[in-house]
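Encoded as structure tokens, the structure appears first; notes follow it.
Per chain, numbering begins at 1; letters A, B, ... match sequence-line order. Just so you know, these numbers come straight off a predicted model, no measurement behind them.
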2 protein chains.
Amino acid sequence: MNVKQIAKLSGVSAPTVSRVLNNHPDVREATRQRVLAVMQQTNYQPNAAARSLAAGQTRVVGLMVRKETDTIFNEADFSRLLLGISSACNPHDRSVMLWLVEPEYEQRMLQKITAGGLVDGVIVSTMRFTDPLIDALQASQIPFIQIGRHAGGVQASYVDIENLNGAREAVMHLLRLGRRRIATITGPLNLISSRDRRDGYLAALTERKTPIQAALIIEGDYSENGGYRAMQLLLPHQPDAVFVANDRMAMGALRFLIETGRRVPEDVALIGFDDLSFAAQTMPSLTTVRQPMMQAGALAAEMLMELIENPASPPKRIVLPTELVIRHSCGFRTR
Amino acid sequence: MNVKQIAKLSGVSAPTVSRVLNNHPDVREATRQRVLAVMQQTNYQPNAAARSLAAGQTRVVGLMVRKETDTIFNEADFSRLLLGISSACNPHDRSVMLWLVEPEYEQRMLQKITAGGLVDGVIVSTMRFTDPLIDALQASQIPFIQIGRHAGGVQASYVDIENLNGAREAVMHLLRLGRRRIATITGPLNLISSRDRRDGYLAALTERKTPIQAALIIEGDYSENGGYRAMQLLLPHQPDAVFVANDRMAMGALRFLIETGRRVPEDVALIGFDDLSFAAQTMPSLTTVRQPMMQAGALAAEMLMELIENPASPPKRIVLPTELVIRHSCGFRTR
DNA sequence: CTGAAAGCGCTTACAG
DNA sequence: CTGAAAGCGCTTACAG
């Protein structure tokens with residue numbers, strides 16, 4: 001089944017079939033119905049490759065995700081991002097193509113993408129502040145949207161999460177609860193989200209005129225064991241609260257505190273970041289900052305589709321708010 | 001840049017460029033080098049749509065995942081499956097297209113896929129024992145591989161996980177530890193994995209000639225609250241151990257037990273299924289069954305690529321072993 | 001080993 | 001509102 005056959009069966013020409021297929025307004029209603037009926041009967045669907053080639057549009061959206069190390073790659077966030085993108089694309093009849101970027105195949109992927117005929121645009125997610133992937137996309141002229149901000153991308157659109165403010169609010173909450181020696185375990189500081197969260201910590205302290213102490217700031221690696229070790233280093237400096245830049249490290253910190261007989265939150269209060277599924281299940285349950293990754297994915301997809309339709313549209317930057325999920329580890333109090 | 005231009009620059013014809021592109025052996029080495037050099041200089045990459053149309057091959061692999069309800073959709077497994085598929089496809093220079101199947105768009109997706117020009121084959125993951133998706137794929141003649149077994153798929157290849165045996169071993173472990181009143185909280189029994197895990201439970205009891213009691217078998221819904229409620233119903237029947245068909249429900253069961261003052265594992269031992277990241281972090285840590293989803297994804301992708309190359313090859317069924325991860329909730333003992 | 005011709009299945013001006 | 005012609009950028013026989 002192809003346009004020619006549909007055309008013959010409907011008693012029209014191929015271009016008319018094409019017009020019906022593409023909802024072109026300039027088709028007489030009777031003709032449209034006739035063609036539609038034949039397409040229905042024959043269960044006809046146009047060939048995607050031919051369509052892409054002729055129209056110069058694939059109706060496919062690409063997603064490039066740099067896998068990073070296992071400790072940084074967060075399965076829940078990844079799933080939610082994907083869910084958001086996919087559910088935004090479905091109603092628009094667009095498909096999504098997924099590339100997990102491994103350095104080994106990075107170049108080839110980029111070439112395939114920029115060669116055309118595969119996708120109309122790309123959503124790119126990488127946690128590195130500076131990433132050659134972004135530069136390559138920038139240079140390639142292909143429409144793209146970043147998840148998170150990145151260095152050098154003056155012209156680029158992005159959807160970011162309010163990492164700074166989310167962290168700031170978490171620390172403010174600890175301050176309001178009367179904590180005074182608040183420490184932080186940061187993520188790897190080559191990641192922009194890690195920096196933002198640390199800066200939020202600093203902002204809260206500064207805002208409340210609380211002294212900042214270098215000894216209370218430790219760089220972690222986003223792993224459970226990293227949190228454990230960081231807490232070990234922190235404890236001699238007697239913090240009464242710790243803002244931990246992700247839930248996984250918070251689990252490790254909690255483990256160390258419990259093993260060494262500290263009470264949480266009485267002796268040391270704890271706030272994490274991510275709201276992974278286990279955060280509600282720890283003992284005590286973990287107060288944490290939730291990021292709207294699904295919404296971020298959906299928005300990025302919408303923005304990309306808009307950019308594809310209208311490549312000249314100016315760059316957009318959206319920063320989504322986080323939500324402080326108050327549980328027990330922070331020294332429970334309903335605000 | 002297109003084949004014609006590359007041809008002109010290299011002093012050959014378009015078909016020769018095409019042969020070089022496709023590693024056709026019948027090209028003189030000197031010619032090949034000349035063309036390759038020009039392609040390199042011009043940074044040429046062939047257009048994917050044109051290639052797909054002309055060759056009748058897209059070099060794209062599809063993945064259809066039915067989202068099911070939120071409680072059933074397991075983000076960790078989904079991520080791992082995707083990781084496995086993606087890393088298997090990368091070396092073969094294939095891309096992967098992802099569809100999250102929502103009932104609303106199911107028909108259109110299937111039509112697009114079977115119309116051709118989009119993907120060469122499909123990996124399909126759905127937990128329903130009977131799923132129209134499978135039937136439609138079956139009828140469509142498109143090469144496909146199932147994740148998990150399904151009803152009616154006589155000719156279909158699949159990669160499955162040893163749900164039955166994984167459950168069986170978990171229950172055997174409890175029996176070896178001296179438990180005698182072992183209960184189970186199953187998943188929704190319209191899911192094949194749920195049935196398999198229940199059957200594994202039954203198999204172990206039968207094997208050890210332990211009486212099976214209907215009151216000790218409760219159907220859950222894979223949610224945390226479902227586990228909580230199921231445990232509530234189970235407790236009056238005084239089980240001394242519970243095999244729970246997923247970790248999320250196990251968390252709920254654990255919560256109920258602790259809230260009602262039971263000691264785990266002393267009073268009631270617990271084993272889950274999935275090895276979600278929080279399983280190691282509960283108090284007590286959760287003994288559970290780990291499924292090799294990433295490996296399943298990689299294998300499915302390999303099988304699909306083989307099937308695409310050789311559509312006549314006979315169906316293959318692979319069942320991957322699970323691993324019992326022994327922690328504290330089962331009444332710790334190193335085997 | 002290489003090229004001229006045809007074709008893959010659509011869409012896009014253009015003319016009427 | 002509709003159709004004939006050309007074209008999108010490749011690959012596939014076929015002939016030499």
Pick base, sugar-phosphate or nothing for [X], based on heavy-atom distances below 4.0 Å to the nucleic acid.
X       : answer
B/Val3  : base
A/Thr31 : sugar-phosphate
A/Asp26 : base
B/Val17 : nothing

Name the residue closer to the 5' end of DNA chain C, choosing between B/Ala50 and B/Pro15 according to the nucleotide with the nearest heavy atom.
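So the residue in question is B/Pro15.
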
Would you kindly compare B/Arg19 and A/Ala54 by the position of their nearest DNA chain C nucleotide and give the one closer to the 5′ end?
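Going by which nucleotide is closer to the 5' end, it is B/Arg19.
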
[X] [atom1] - [N] [atom2] separation (whole Å):
X        : N      : atom1 : atom2 : result
A/Glu29  : D/dC1  : CD    : P     : 10 Å
B/Met39  : D/dG9  : CE    : P     : 17 Å
A/Lys112 : D/dC10 : NZ    : P     : 15 Å
B/Met1   : D/dC8  : CE    : C1'   : 17 Å
B/Lys8   : D/dG9  : NZ    : P     : 14 Å
B/Gln33  : C/dT2  : CD    : P     : 12 Å
A/Leu21  : C/dC10 : CG    : C1'   : 9 Å
A/Arg51  : C/dC8  : CZ    : P     : 19 Å

Between the side chains of A/Asp120 and A/Arg59, is the shortest nitrogen-to-carboxylate-oxygen separation below 4.0 Å, so that they form an ion pair?
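The answer is no: the pair does not qualify as a salt bridge.
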
Which nucleotide, if any, forms a Watson-Crick or G-U wobble pair with D/dC1, using both distances under 3.5 Å?
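Because both required distances fall under 3.5 Å, D/dC1 counts as paired with C/dG16.
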
Closest approach to the side chain of A/Leu53, judged atom by atom: which nucleotide of C/dT11, C/dG9, D/dT2 is it?
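Selected nucleotide (nearest to the side chain): C/dG9.
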
Please tell me which of the listed nucleotides, D/dG9, C/dC10, D/dT2, lies nearest to the side chain of A/Thr16?
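Out of D/dG9, C/dC10, D/dT2, the nucleotide with an atom closest to A/Thr16's side chain is D/dT2.
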
Phosphate OP1/OP2 of [N]: any [X] side-chain N/O under 4.0 Å:
X       : N      : result
B/Asn22 : D/dT11 : yes
A/Tyr44 : C/dG9  : no
B/Asn2  : D/dC10 : no

Taking every non-hydrogen atom, the tightest pair across A/Ser157 and A/Met303
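Residues A/Ser157 and A/Met303, closest heavy atoms: CB-CE, 4.0 Å.
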
Within the structure provided, determine whether B/Met109 and A/Asn90 are in side-chain contact (heavy-atom separation under 4.5 Å).
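Yes, at least one pair of side-chain atoms sits under 4.5 Å.
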
For the residue pair B/Asp77 and B/Gln291, establish whether any side-chain heavy-atom pair is separated by less than 4.5 Å.
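Heavy-atom side-chain distance check passes, below 4.5 Å.
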
Between B/Val124 and B/Arg66, is the side-chain contact (heavy atoms from CB on, under 4.5 Å) condition met? List the steps.
CA-CA 8 Å; B/Val124 57; B/Arg66 187 181 284 287; over 6 Å; no

